[in-house]
Amino acid sequence: MISNLPTDYWGRIGYLLTHYGQSFLRGAGITIAIALVGTAVGCIIGFLVGIVQTIPVTKKDSWPKRALLWLVRLILNIYVEVFRGTPMMVQAMFIYFGAMQYLHVHMGMWTAAFFILSINTGAYMAETVRGGILSIDVGQTEGAKAIGMTHFQTMLFVVFPQALRNIIPQIGNNLIINIKDSSVLNVIGTVELFYTANQTAGAYYWYFEAMSIAMIVYLVLTFTCSRLLRWWEKKLDGPASYDLATTDTLAYTSGMAKFPVSADEKFVEHSREYDERGDR
Amino acid sequence: MTKGAIADMDDVVLQVSHLSKAFGANVVLRDIDFNVRPGDVTSVIGASGSGKSTLLRCINLLETPTSGQILFHGEDITARHINESAYRAKVGMVFQSFNLFSNMTVLENCIVGQTKVMKRPREDARNNALKYLDRVGMSPYINAKPRQISGGQKQRVAIARALAMEPEILLFDEPTSALDPEMVGEVLEVMRGLAADGMTMIVVTHEMAFARDVSSHVVFMKDGVIWEEGAPAQIFSAPSKDETKEFLSRFMGR
């Protein structure tokens, strides 16, 4: 038996891939699933916390509202500080075993993984979202208020879409960190990519070979995600040029025209044309 | 612009009384009183830091007045129970820095308030937006994003956005101060048209020719106080206060 096993690096890689390729793929699938769900839910938590943290309080508000807001913010601040300030591996064991021993809740592999990754990401995203909201020029908020939008509408239709665009790089960062850091969830028995690689490596004492495969799979996952996020950013930015609405009689061009002509060419002022149109 | 209220010229739309505003120990507005009637074009002039913009921002509740009252159709809008958003929807504002929503196209900028605040059906809102964009000469640019058009164009879109809400009063906070000189004309032209159509406007401006020729009433402010107010002919040709004379000579002498 033992004499049949390959002894060189490439031979062992080949052996692992043919015999454990399925397991590695399943591990990679679980890793990406946990990372995606954890990041998405974490973003939602982050957005909610970010909104609450930026609700304006005025003297006109009644004191119960102000007291409630103060309390909610206090709790959220504690949440953010605790989950940013402790290692995820410790959090995972703390929550998983705490729930089992004292609340008699036995979380499944998926539940535990999603839960821990989500609240951890949420704590980071809360600060990111708050920063994203603060980065939007106050003029945008004033413009929205001036046409009668409520705070909620202003946030939803004006500030948020812009804040989201600004924090996509940070969301990408979080996703990539989550793909990698979900590996610490092996301590509570989540069968993700690292767990799989570690098990396989342990069976043959081929640590270098198994980890080589894990390294490459992790890199493929993170690189793909970072490219996809770039593409999404570009898509959100919209086209660099726009069509003049030439069906309109006021437009000067006939047929479709693109402005600016190319991305490098600066847009030409149109005030002269406007002047030539005379008074209307 | 059709405004039923124009018929009744004695009806005061907006009454500012004993309005004061302080930022901490810094008193910016002291005991301001003035009235706006339907169709009035009130120009507020004065040096930078005289409190003109703060006054306008107080009227739109972007700043909370420290004391005093602002009555809109006789109702004090600084009162606790007043719905600020509903009030703001009736009082349009055009900003020095345009404040167009950068995540939306020109057309969407003019639609969003109508659909989300006034709950108009989208098709009506679109037609209405196109009507006002056409009026300010911006209808060819409906698909452009704010960052793709010039300052003068942005300000004309901002005016169309405010008009699309069909406000009873339109406030202008130095609408041409951030523009290159060559673009000032196109914005003032639009504003002249609005004034001619009977739009009620309060305009904080450094454009003295506009204040003199277009407005029906001129308010001169200095150090947070209204020093003098009256018909443009009186303020510009025969100001009664030395401070007004001094300010105007500096501005008109250029």
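Just so it is clear: chains get the letters A, B, ... in the order the sequence lines come, proteins before strands, and each one is counted from 1. Model, not experiment: these values are computed from the prediction. Atoms considered below: every heavy atom in the structure, side chains included; atoms not considered: hydrogens, waters and symmetry mates.
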Worksheet item: Is B:R126 atom CZ crowded by more than 12 heavy atoms from other residues, nucleotides or ligands, each under 6.0 Å away?
Response: no

Discussion item. Atom CH2 of residue position A:W110 - does it have more than 12 heavy atoms of other residues, nucleotides or ligands inside 6.0 Å?
Written reply: yes

Worksheet, complete the sentence: Distance col, row A:I147:CD1 vs B:N109:CG, nearest 0.5 angstrom, shows 8.0 Å

Worksheet entry | Separation of B:F101 CZ from A:I136 CD1 (nearest 0.5 Å) | 12.5 Å

Practice prompt. Return the option, out of B:L171, B:L100, B:V91, B:N60, with the maximum number of heavy-atom pairs under 4.5 Å with chain A.
Written response: B:L100

Discussion item. Is B:M118 in contact with chain A via its backbone, its side chain, both, or neither, using a 4.5 Å heavy-atom distance?
Written reply: neither

Worksheet item: Of all of A:H151, A:R165, A:Q162, which one pairs up most often with chain B through heavy atoms under 4.5 Å apart?
Response: A:Q162

Fill in: Any side-chain heavy-atom pair of B:L61 and A:K145 under 4.5 Å
no

Discussion item. Need one label for B:R147: side chain, backbone, both or neither, based on atoms under 4.5 Å from any heavy atom in chain A.
Written reply: side chain

Worksheet, complete the sentence: A:F223 meets the ring pair (Phe, Tyr, Trp, His ring centres under 6.0 Å) criterion, sequence neighbours left out, with none

Fill in: Nearest heavy atoms of A:A146 and B:M93, plus distance in Å
CB-CB, 3.9 Å

Response to the item:
Whatever's closer than 4.5 Å to a heavy atom in chain B on A:Q140 counts as both

Discussion item. Nearest 0.5 Å, please: how far is OG in B:S97 from CD in A:E142?
Written reply: 7.5 Å

Item to complete: Check the pair B:V112 / A:M149 against side chain to side chain contact (heavy atoms under 4.5 Å, CB included), numbers first and verdict last.
Response: CA-CA 10 Å; B:V112 66; A:M149 283 196 193; 3.7 Å; yes

Discussion item. According to ring pair (Phe, Tyr, Trp, His ring centres under 6.0 Å), who are the partners of A:F157, at least two apart in sequence or on a separate chain?
Written reply: none

